[in-house]
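Take a look at the structure set out below.
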Amino acid sequence: MAISQMVGASIKRREDPRLVTGTGSYVDDLPQTAIVHMVVVRSTDPHARIAGIDTSRAKEADGVIAVFTGKELLSEFGAPLPVTDCFVPTKKYPKHYPLAIDKVRYVGEPVAIVLASSLSAAQDAAERVEVRYDSLPPVVDIEKAIEKGAPVLHDDVGSNLSYDVKFAAGDIEAAFREAEVKITQRLIQQRLIPFAVEPRGVVADYKPWARKLTIWSSTQIPHFVKVWAAVILGIPESDVRVIAPEVGGGFGSKIRVYPEEIMTALASRRLGRPVKWIEDRGENTKATHHGRSQIWDVEIAAKRDGTVLGIRPTQWLDLGAYCSQFGTFQVLGMLVAQGAYRMKAFDGRAVGVFTNRTPTDAYRGAGRPEATYLIERVMDLVARETGIDPVEVRRKNFVRLEDQPFTTLLGLTYDSGDYRITLDRALQMVDYQGLRREQAEKRKQGKYLGIGLSTYIEICGLGPAVPTQAAVGVSLWGMSVVNVHFTGKATVIIGSSPHGQGHETTYAQVAADVLGIPVEDIDVQHGDTAIGPMGMDTYGSRSTALDGNAVHISAMKVQEKAKKIAAHLLEAAEGDIVYEGGKAYVKGTPSKAVTIQEIAVAAFQTSRLPKGMEGGLEATTFFDPTNFVWPFGAHIAVVEIDADTGATRIRRYVAVDDCGTRINPMVVDGQLHGGIAQGIGQALFEEAVYDEAGQLRTASLVDYLVPTAADLPSFELEATITPSPVNPLGTKGIGEAGTIASSPAIINAIVDALAPFGVKDITMPATPEKVWQLMHRNGGTKR
Amino acid sequence: MIPAAFDYVVPRTLPEAVAELVKRGQEAKVLAGGHSLIPLMKLRLSTPSFLVDIGRINNLNYIREEDGHVAIGALTTHHDIEFSDLLRQKLPLLSGAAAQIGDPQVRNRGTIGGAAAHADPFGDFPACLLALDAELKVVGPKGERSIAARDFFVDTFTSALEPDEIVREIRIATPPTGSTGTYLKFSRRSQDWAIVAVAAQVTVSGHNVANVAIGLTGMGSRPLRASGVEQALRGKGAHDDDIRAAAERAAEGTDPPQDLNGSPDYRRHLAQVLTRRALEQITAHH
Amino acid sequence: MRRRVAVTINGTGYEHEVEPRTLLVYYIREQAGLTGTHIGCDTSNCGACTVELDGHTVKSCTMFAVQADGAQITTIEGLAKGSTLHPLQQAFWDEHGLQCGFCTPGMIMAAKQLLERNPNPSEREIRLGLEGNLCRCTGYHNIVKAIQAAAKVMAPGAEAKAPASVS
């Protein structure tokens, strides 16, 4: 490969001129003519039989075109909403249709749709739909859900237990026999509302005489939506086109096939007119899936010298009212809970239950934040119990460079990395020893400083064909098309569908280096199922590791063909052709070069092509890497506690991350900033709270506390680069690392600050009141 | 969401506005800056069928000093209060509180008259007006009357205003030399309502506290005065120990709510902490 | 029941009959066709709908169009001059102050007011000035940097240092 110029350069994003001028088009911004507005009538009862729905008054309202209930549409659903295996093929789950049929199971579940000529008319009419509910007792607690006698959500499942499975390896009994230190701890992953700033939205347009359906959706997965819209609606997949236009953030919340995508399409087919639905924020807090909502119980076996011998974690996962498409993806947390550490035994149990709350699914990190929170809290708990510095406990247990490629107890193999290096650098950046001295001084003055570590690794790059097919039913390879046009400009089509990640810029950088075509002459297209082969879309920090490398490989294929054409034009042997900087020449005579632009012209002129060669300069790749990729890093949070109010102030946040090759370091850092902020949001601010009656009490941004600029610090970032050996670019992933690392760093710091009060744990979000209570539970006395 | 449909009128004078309210009765609501009302209407928690928009009535947006009083027109925005040189000098409690309401965009539209009339127990101005012994001049069908702040705030979202009355002006006696104030607000997130806030106005004479008034936000169904603190401190020295002891009485007689943001116990504690800090901050200048 | 509302947006006059309940943000997006102003919530928290109205920023989702009758409004579409971006737009681009871009128009409008009121803000003042605008992508880090960069360019005297155009 020629020396990189664009890969590694922080060039400005090509997406931005349209976005900073307000001229990008999100779903709600698409030009609309003769459009029908859809409003969804949603359940106000968390658990009830639908005794009746009277739509007559709504149908009479001004501007109303139609009103449909679930029962009325049931015959049109060729299949229920999809559910993938996601690590638990044995799980039990109910059929879930886009609209409730005879029972509602969470507040916000679709009950009926109203279609009207204006949004205000649709909203007015929706208030006139009268639903009679026969209320049933709701289940709103994970543990109570599977108690004997608990109300059962799904008769066809039989109980609220979806699965109870083991993930174990090594002799855990031996580990506990050997243990000098045994610790038991419960850790809570509170329920979270993802909050992409753009709520979801869909426009569906079924053209009856063409028999073709187009769906514009604010989604992370246009290709999967295409497949499932076809299956559920009984339309040939070849007649369905899904477009993800500008998408205003996802964070996992736009990763599944949603009821509204199906309902708008169905309504459009019924009415023969385009139908639009835009989620409002109150609706978003209930109708878009939630994240996390898990209890983790862990037993730790360790030695006095800080060696962790084994852990026995149980993950209680709240699936919510149904099993969402990737609902059990969060079980990944169990598979990677060993973290960056060696141990002898792992005895994991994963339990999934149904409750009368919004279904849960992927939320930034999806399983990995849970795993990291668990193992990083374990390290600090062991440090506290043994009196050894948390840094030393980590060093003692780290997977060492000589162990790489390291295989975990559960059989996953890490690709590369020396975890000591990122930790050492982060410690240097914060002056760890100096901070420890300051902490001791401050404690004497009744001031509380805390230092929290998080030395994470994460699995990403989903992924290799065989394991991903087992998990989600299809092989999640990378896809790209690279097409050099007659004029020497290029189009790159990718299978991932970004929503803020900057693929239009970074993938152009990748192709530019291989082809020597100026980056501004390369256009990257995405998010439209009609422009290329089946893509596998964007989630799980997979895009650069998969599609980014697929772009590289397609560009290399194009380069190979260009070399063949150049050899023909230069009347030389192909083996003697050198290709660099967008030029091909015979080795030793760079002055007699043909440019890629000249080669492109020749590619469309039969007379100038080698005999028998097909025309055009285009290549397609489905990239199947040999393994997942494993970014890692060390994050350190320094916090100060206001002893009077319990408020936490983040004084410094330092991160050293290694995501392999950085195509565009500016974009990488941006992903980290946002990720860290989101993890801090979980650690300090955010929680979706349900009351005992099953009502969501944080159903707006007034009560669900997404942090503002004034609530967050600036972040100090550095990087190390350990290229991944499993893909040609050496890239890993970075979209979720910040979120994965930061929650435990913050909580470890707060617990560290409160050590004089005997505090060993605090549940997230660590609100000022919780901190204050922990400081005062013994009358404010220090231990 | 879009609010339920309503009809709308834009009177040019206060008497016209009052006449509209009289005519429409309970179905009408007054629209000023709209920052309390419009969000409720969008969620359809409030569905008035008639809005009287007083936003275009002239001469209701002013801050001036007259006859030993500071007078503030009801349509004066939080932003104008925040940036008023007169208030920053004479009533820093009020300008300081204004700076902590919502966010800059909200402060550009929200009005002091609207905030008072809304009588939100978590609003920032009510406790200030209570601590400053403000008078609210209100106009109704029978003409104008004056309501003391201590009588004005009755309960959650309930003031002493009749449905056909409109706040015209807020009047506050200009504090004497040596009197100053501060508003300390505690919330979990920058743009939020207070969990608890303390409005403190203190007159120091020599080394003694000549007068002190403490208003509390978030400690009951309406703004409250911390009269225990006031009693403990009035006429006493302004030493740290005096302040500390007085501040411990901040929660006396309060009935703080339990909600997502805080328990009653925590609120009582915060009231004490914020009161102490406010008093320390003010007396440190002397 | 419909009311005539006339406003000037980005220097262009608009006049439409609307229901009194029409929120200003819908007027801007649907009547004037300017979709750069976004709707991100219904409780005045997120700030995606921020526009400038008679010189002050407002959340256009928390105002009826009828209240804006006669007003001068500037939206994100009105900031660039021809093909030259406003210094804030340029700085957001230069400093990677946006990712998904949905909050960006409101964020830039809020930042514009911030710098007009305080041309040389500290980091803390910038952060407080943005408290009415939520972003989920950037952690605000590069937004703060962008505003700092724009402040330098927009500072009084900064233009004087630029080379005078040749007439």
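Here is the naming used below: chain letters follow the sequence lines, and residue numbers restart at 1 for every chain.
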What closest approach, in Å, do [X] and [Y] show between heavy atoms, and which atom pair accounts for it?
| X | Y | answer |
| --- | --- | --- |
| A:T21 | C:Q89 | CA-NE2, 3.6 Å |
| C:P105 | A:G22 | CG-CA, 4.3 Å |
| C:C100 | A:G248 | SG-C, 3.3 Å |
| A:P707 | C:L134 | O-CD2, 3.9 Å |
| A:L19 | C:G101 | CD1-CA, 4.2 Å |
| C:C41 | A:L701 | CB-CD1, 3.6 Å |

Sort [X] into side chain, backbone, both or neither according to what part of it lies under 4.5 angstrom from a heavy atom of chain A.
| X | answer |
| --- | --- |
| C:L85 | side chain |
| C:T138 | backbone |
| C:F102 | both |
| C:I108 | side chain |

Can you tell which of [options] has the highest number of heavy-atom pairs within less than 4.5 Å of chain C?
| options | answer |
| --- | --- |
| A:D16, A:D280, A:T285 | A:D16 |
| A:G670, A:A677, A:G738 | A:G670 |
| A:G249, A:P194, A:P498 | A:P194 |
| A:G675, A:S120, A:G502, A:A196 | A:S120 |
| A:Q32, A:Q678, A:E279, A:R13 | A:R13 |
| A:S714, A:G500, A:S700, A:A709 | A:A709 |

- Task: Could you have a look at C:L98, C:T104, C:V144 and say which one has the most heavy-atom pairs with chain A under 4.5 angstrom?
- Result: C:L98
- For the residue pair A:Y26 and C:H38, categorise the inter-ring angle as parallel (less than 30°), tilted (30 to 60°) or perpendicular (more than 60°). perpendicular
Note, [X] side chain near [Y] side chain (heavy atom, < 4.5 Å):
| X | Y | answer |
| --- | --- | --- |
| A:D28 | C:R29 | yes |
| A:V20 | C:Q90 | no |
| A:L712 | C:R127 | yes |

Contacting region of [X] [heavy-atom separation from chain C under 4.5 Å]:
| X | value |
| --- | --- |
| A:V247 | backbone |
| A:L119 | side chain |
| A:P713 | backbone |

Let me confirm one number: the [atom1]-[atom2] distance from [X] to [Y], rounded to the nearest 0.5 Å.
| X | Y | atom1 | atom2 | answer |
| --- | --- | --- | --- | --- |
| A:L717 | C:H141 | CG | NE2 | 6.5 Å |
| A:E198 | C:R136 | CD | CZ | 15.0 Å |
| C:R21 | A:D124 | CZ | CG | 4.0 Å |
| C:L128 | A:D711 | CG | CG | 9.0 Å |
| A:M666 | C:D94 | CE | CG | 9.5 Å |

- Item | Distance-only side-chain donor-acceptor flag, A:E15 / C:Q99, under 3.5 Å | no
- Can you tell me if CG on A:D62 sees more than 12 non-hydrogen neighbours from other groups inside 6.0 Å?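 Check fails, neighbour count at 12 or below.
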- Query: Would you say A:H673's side chain and C:G139's backbone share a donor-acceptor pair under 3.5 angstrom?
  - Reply: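 A pair under 3.5 Å: no.
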